[in-house]
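Since the structure comes first, as structure tokens, the remarks are kept for the end.
Naming: A, B, ... by sequence-line order, numbering from 1 per chain.
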Amino acid sequence: MSTTAEPIARLIEAFSRLPGIGPKSAQRLAYYVLQSSDVEVEELAESLLCLKNSLVLCSRCFNVADKDPCSICSDPQRDKTVVCVVEKPSDIPPMERTSQFNGLYHVLHGVVSPNKGIGPDDLKIRELLPRLRDGEVKEVILATNPTVEGEATAMYIRQLVTPMGVKATKLARGLPYGSDLEYADDITLGQAINSRQGF
Amino acid sequence: MAVRHAVVGEKDRIVTLFTQEAGKFSAVAKGARRPGSTLGPCVDMLTYGRFFCVRRRGLDLITQATPLDSFTTLKADLWQLSCGLYLCELVDLCTVDGVPNSPLFGFLVTILKDIDRAGCNDLVLRVFELRLLDYLGFCPSLRKCVNCGAVLQPVENALSATMGGALCLDCARSCPDAKPMSVDALKVLRFWLGCTLDSARRVKLDDALASELEEHLYRFIQGVVQRDIKSRSWLIRLKSEALLTMTSELSTIPRQIESE
């Protein structure tokens with residue numbers, strides 16, 4: 001027989017389903033919530049409900065947003081000739097933080113993973129093509145993760161967009177800033193040498 | 001070599017490694033998804049490397065990894081990359097955890113190096129499928145009828161996945177899953193079992209024979225794994241889309257000529 005009260009056990013169970021949260025962390029979070037003030041708990045509950053109820057997918061870029069089209073797609077200051085293709089909505093904030101990119105996005109919601117049975121039809125790849133047909137977009141930046149599946153997805157999209165006269169580029173592969181060359185792995189260092197540029 | 005991987009936690013991966021000494025096993029690569037992680041590139045699929053693991057009660061832990069060959073040419077081509085993933089899935093599905101299979105491991109590395117050097121076509125995939133069956137002990141019997149033991153005559157015989165090899169015409173009638181097998185198909189399969197990869201690549205097959213061999217070998221593999229091979233449908237899709245592209249390119253030629 002469990003000694004934990006049923007509502008706490010339910011909350012621990014709910015927290016432990018979150019990524020990166022084990023049973024111990026879930027228990028710690030549940031007891032933290034229990035000790036919080038009523039206002040804080042209500043805010044948390046309202047935020048969770050609001051997350052599911054008020055968010056929509058932007059019909060142009062398929063980013064998660066609070067309105068359709070999203071703030072990026074409806075911003076007239078954005079460069080509409082460049083579209084950056086990313087795997088998931090959480091890839092957009094790091095790109096925005098760089099302040100180096102002022103174009104539009106397209107979120108695939110996954111990658112082609114042949115061994116898991118995930119193909120292009122399970123992603124938002126076909127939805128990218130109508131955005132390129134009007135001729136306004138000149139470049140597509142393929143910002144998929146540098147993994148085998150990310151590369152396969154990027155190469156597949158390149159095959160689709162190149163015949164449409166759109167330039168396909170991908171993010172450079174190389175050494176992270178502040179790292180030590182001595183401890184760099186052979187593959188990354190090799191790619192960094194291959195993609196070296198004039199200085 | 002990693003044959004499967006999954007994301008776990010914030011920055012980790014669970015990797016299924018196929019190794020020469022310890023066979024197939026799963027291990028955690030801590031921080032492999034972090035930029036700058038030295039483990040990350042090594043535990044990605046289609047990277048041949050040397051792995052140092054700590055045995056633990058649950059999943060093992062990968063502590064160090066050194067890449068020996070990352071097959072960069074293979075990874076730069078969508079078709080070759082997809083073929084490599086298909087080979088990884090086959091190995092993953094057909095092997096059992098903790099059972100070393102050194103000849104199969106050696107052949108996997110050899111064939112990936114060969115694809116990296118000379119590209120990949122359907123022949124290479126078929127040779128791998130046949131040798132995979134051979135190394136696993138499921139190689140189809142191709143000299144004598146598996147039912148009556150009679151030496152196969154140079155006429156159209158049959159192949160049965162459930163019986164485990166070729167059947168003479170008389171025995172084929174009583175076997176429900178026996179499929180007709182041409183003399184040429186039998187000869188090619190026998191040749192591929194003993195030849196080098198370079199010799200195997202030089203075999204010229206017409207479309208009918210190539211699809212006959214593909215069908216026979218796929219039925220055999222399915223008989224072993226008892227489930228669909230997911231990456232196969234991706235290969236079929238890539239081939240059909242490539243054909244569509246070629247057809248559309250051909251269809252534009254008359255228009256170009258007309259416009260000129």
With a strict 4.5 Å heavy-atom criterion, list every residue of residues 82-113 of chain A that contacts chain B, or say none. A:Val112
Heavy-atom proximity to chain A below 4.5 Å, by part of B:Arg237: side chain
Cation-pi check, B:Arg232 to B:Tyr218: give yes when NZ or CZ is under 6.0 Å from the six-membered ring centre and within 45° of the ring axis, no otherwise. yes
Is the shortest side-chain N to carboxylate O distance from B:Lys24 to B:Asp92 below 4.0 Å? yes
With sequence neighbours excluded, what pairs up with B:Ser102 under the side-chain contact (heavy atoms from CB on, under 4.5 Å) test? B:Gln20
Go through the atoms of B:Arg13 and report whether side chain, backbone, both or neither lie under 4.5 Å from a heavy atom of chain A. side chain
Measure B:Leu85 against the heavy atoms of chain A and call it side chain, backbone, both or neither at under 4.5 Å. both
Could you check whether B:Thr47 and B:Lys75, counting side-chain N and O atoms only, form a donor-acceptor pair closer than 3.5 Å? yes
Heavy-atom distances under 4.5 Å only: say whether A:Gln191 touches chain B with side chain, backbone, both or neither. neither
Any side-chain heavy-atom pair from B:Trp192 and B:Phe128 closer than 4.5 angstrom? no
Do A:Thr147 and B:Met45 come close enough that some side-chain heavy atom pair is under 4.5 Å? no
Please classify the contact of A:Pro176 with chain B as side chain, backbone, both or neither, using a heavy-atom distance under 4.5 Å. side chain
As an exercise: rank B:Asp228, B:Leu93, B:Leu39, B:Asp77 by heavy-atom pairs under 4.5 Å with chain A and give me the winner. B:Asp77
For the side chain of B:Ser211 and the backbone of B:Asp207, is there at least one donor-acceptor N/O pair under 3.5 Å apart? yes
So, A:Asp66 and A:Ser54: side-chain donor and acceptor under 3.5 Å apart, yes or no? no
Taking side chain as everything from C-beta outward and backbone as N, CA, C, O, which of these in A:Asp180 sits under 4.5 Å from a heavy atom of chain B? Side chain, backbone, both or neither. neither
Report the option among B:Pro35, B:Pro67, B:Cys88, B:Ser82 that has the most heavy-atom pairs separated by less than 4.5 Å from atoms of chain A. B:Pro67
Closest non-hydrogen atom pair, B:Ala65 against B:Cys42: CB-CB, 3.6 Å
Between A:Thr169 and A:Glu139, does any side-chain donor sit less than 3.5 Å from a side-chain acceptor? yes
